[in-house]
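Report on the following structure.
For the numbers below, each heavy atom of this structure counts, side chains included, while hydrogens, waters and symmetry mates do not.
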Amino acid sequence: MMSFALALHALAAVVWVGGMVFALAAMRPALLEVLPPPQALACLLAAMRRFFALVWVAMPVLLASGFWMFHALGFARSGHHVHLMAVLGTLMAAIFAWLYFGVYPKLKAAAAAGDTTHAKPLAERLRKLVLLNAALGVLVVLIAAGGRYA
């Protein structure tokens, strides 16, 4: 059961963290290079809608499998890196919830209304929150790879 939980955990991390890195490093710059800003924003929002649907699957799987393994190994027996991963993973989930329920709906509404004055700072806030979560996600991967298993 531990191997299955670890595999699910790794797959969910790849989807979530890898998706953020791709969006920031490849998709967003390419859209801004090829499309005018209103079209780039529309395309970005369409992509984010699909990505966020994946995150709503990956994030709970990641948290549930992580906390299940944490519990199965025993909190006291788990290394400090496991405790740190739990804290950072929970923080990432909270940041995603803030992004998804706070910034994202406002950005969608501004874009739908053609209100570029409000859309631009909201898009930048969304980018910064995704960047923060991506950085935390990469840090968690490094912590996981550097820590002992049990």
Side-chain angles (χ1 to χ4, degrees), residues 4-35 37-73 75 78-112 115-149:
F4 180 69
L6 185 58
L8 280 178
H9 195 72
L11 181 59
V14 166
V15 168
W16 191 9
V17 177
M20 289 187 292
V21 170
F22 169 77
L24 290 165
M27 184 181 63
R28 182 179 176 275
L31 289 175
L32 293 173
E33 182 180 308
V34 173
L35 297 173
Q39 290 175 329
L41 179 59
C43 189
L44 182 68
L45 284 171
M48 295 314 275
R49 178 174 40 89
R50 289 168 176 83
F51 176 62
F52 289 165
L54 291 172
V55 174
W56 279 116
V57 174
M59 180 184 49
V61 167
L62 190 65
L63 292 173
S65 61
F67 282 107
W68 184 87
M69 290 185 293
F70 199 6
H71 177 72
L73 289 172
F75 295 106
S78 298
H80 294 299
H81 69 291
V82 177
H83 292 263
L84 186 55
M85 285 189 296
V87 169
L88 293 175
T90 303
L91 176 61
M92 288 176 65
I95 291 168
F96 175 73
W98 176 24
L99 178 157
Y100 186 82
F101 292 112
V103 179
Y104 180 58
K106 293 174 187 172
L107 177 58
K108 285 191 314 185
D115 186 355
T116 55
T117 303
H118 288 102
K120 189 172 181 178
L122 289 167
E124 182 59 17
R125 187 175 310 152
L126 183 117
R127 184 193 69 79
K128 286 179 179 178
L129 288 170
V130 172
L131 180 61
L132 174 60
N133 248 6
L136 290 172
V138 168
L139 178 62
V140 170
V141 169
L142 292 173
I143 292 167
R148 63 178 174 78
Y149 180 69

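We find the CG-CG distance between Leu122 and Leu41 to be 9.5 Å, quoted to the nearest 0.5 Å. For the atom pair Leu45 CG and Lys108 NZ, the distance stands at 8.5 Å (nearest 0.5 Å). Note that the CG atom of Leu131 and the CG atom of Leu136 stand 9.5 Å from one another [nearest 0.5 Å]. Asp115 contributes atom CG, which lies 10.5 Å from atom CG of Leu107 (distance to the nearest 0.5 angstrom). Atom-to-atom distance recorded for Asn133:CG and Leu88:CG is 10.0 Å, nearest 0.5 angstrom. Rounded to the nearest 0.5 angstrom, Leu31 CG and Cys43 SG are separated by 4.5 Å.
Heavy-atom minimum distance, Pro105 versus Tyr100: CD-O, 3.0 Å. Of all non-hydrogen atoms in Gly137 and Val17, the two that sit nearest each other are CA-CG2, 3.7 Å. For the pair Ala40 and Leu32, the tightest heavy-atom approach, listed with the atom from each and the gap, is CB-CD2, 4.0 Å. Taking both residues in full, the closest heavy atoms of Leu44 and Met27 are given as CD1-CE, 3.5 Å, listed atom of the first, atom of the second, then distance. In terms of heavy-atom proximity, Ala58 sits nearest to Ala12 at O-CB, 3.4 Å. Residues Ala93 and Leu63 share a closest heavy-atom pair of CB-CD1, 3.7 Å.
For the ring-ring contact (aromatic ring centres under 6.0 Å, His included) criterion with Tyr104, the lone passing option out of Phe52, Phe51, Trp98 is Phe52.
Around atom CZ of Arg127, more than 12 heavy atoms belonging to other residues, nucleotides or ligands sit under 6.0 Å away. Around NE2 of His118, the count of heavy atoms belonging to other residues, nucleotides or ligands within 6.0 Å does not exceed 12.
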Point to revise | Chi angles and distances behind the side chain to side chain contact (heavy atoms under 4.5 Å, CB included) call for Met85, His9 | key: CA-CA 12 Å; Met85 285 189 296; His9 195 72; 5.7 Å; no
Exercise for review: Kindly indicate, with the supporting measurements, whether the criterion side chain to side chain contact (heavy atoms under 4.5 Å, CB included) is fulfilled by Met48 and Val130.
Suggested key: CA-CA 11 Å; Met48 295 314 275; Val130 172; 4.3 Å; yes
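In this structure, Phe101 and Trp56 have tilted ring planes: the angle between them lies in the 30° to 60° band.
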